[in-house]
Amino acid sequence: MRRRYSFHLDRGGHSVTVNVRSGWITETELLVDGRECAFHRVHGHGVYPLTLAAQLAEEPSLPLAVRLERTGAAEHPLACVLEADGAELAMPERTAR
């Protein structure tokens, strides 16, 4: 059975979204302002912690990273953290569509 997780945060006028589809193959995508900036695919239920990197389209460009980790909790098995501009912000999980 495939599981879906979605995390989202608005930061500095930009939208950052992480979508995870897990099952026999786990796919993780990082979207910045609706555009796919990073993608990771692995056979199995995923390897964590996983970090994906991107840049915000600004002058000068601002690098960012998202880190996914297992929580050990059955209800919310993944946690996502946005690392940008020297800060770490927890990205809230939202209901996957």
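Count residues from 1 along the sequence. From a predicted model like this one, the values you see are computed outputs, not experimental measurements.
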Fill in: Inter-residue atom distance Arg3.CZ - Leu78.CG, 0.5 Å rounding
8.5 Å
Worksheet item: Looking at CE of Met91 and OG of Ser6, how far apart are the two atoms once the value is rounded to the nearest 0.5 Å?
Response: 8.0 Å
Practice prompt. To the nearest 0.5 Å, tell me how far Glu88 CD sits from Glu83 CD.
Written response: 4.5 Å
Worksheet entry | Stepwise side-chain contact (heavy atoms from CB on, under 4.5 Å) test for Cys37 and Gln55 | CA-CA 8 Å; Cys37 295; Gln55 292 186 8; over 6 Å; no
Worksheet item: Does Gly44 offer a backbone N or O that forms a donor-acceptor pair with the side chain of Thr26 under 3.5 Å?
Response: yes
Discussion item. Are Val18 and Leu62 linked, directly or through intermediate hydrophobic residues, by side-chain heavy-atom contacts shorter than 4.5 Å (ILVMFWY only)?
Written reply: yes
Worksheet entry | Closest non-hydrogen atom pair between Thr51 and Ala65, with its separation | CG2-CB, 4.0 Å
Fill in: Single-linkage hydrophobic cluster Leu52~Tyr48, side-chain heavy atoms < 4.5 angstrom
yes
Worksheet item: Can you name the salt bridge (charged side-chain N to carboxylate O under 4.0 Å, His left out) partners of Arg11, sequence neighbours left out?
Response: none
Worksheet entry | 4.5 Å side-chain heavy-atom contact, His45 and Arg70 | yes
Worksheet item: How far does CZ of Phe7 sit from CZ of Arg94, to the nearest 0.5 angstrom?
Response: 11.0 Å
Worksheet item: Can you name the closest pair of heavy atoms from Pro92 and Leu9 and give their distance?
Response: CD-CD1, 4.1 Å
Item to complete: Side-chain contact test, heavy atoms from C-beta onward, threshold under 4.5 Å: evaluate it for Cys80 versus Glu93 and give yes or no.
Response: no
Worksheet entry | Considering all heavy atoms, the nearest Ala74-Pro77 contact | O-CD, 3.8 Å
Worksheet item: Atom CG of Asn19 and atom CD of Glu29: how far apart are they, to the nearest 0.5 Å?
Response: 4.5 Å
Discussion item. Whether the side chain of Thr17 engages the backbone of Leu31 through a donor-acceptor N/O pair (distance < 3.5 Å, no angle test) should be reported.
Written reply: no
Fill in: Stepwise side-chain contact (heavy atoms from CB on, under 4.5 Å) test for Leu64 and Leu30
CA-CA 11 Å; Leu64 66 88; Leu30 169 58; 4.3 Å; yes
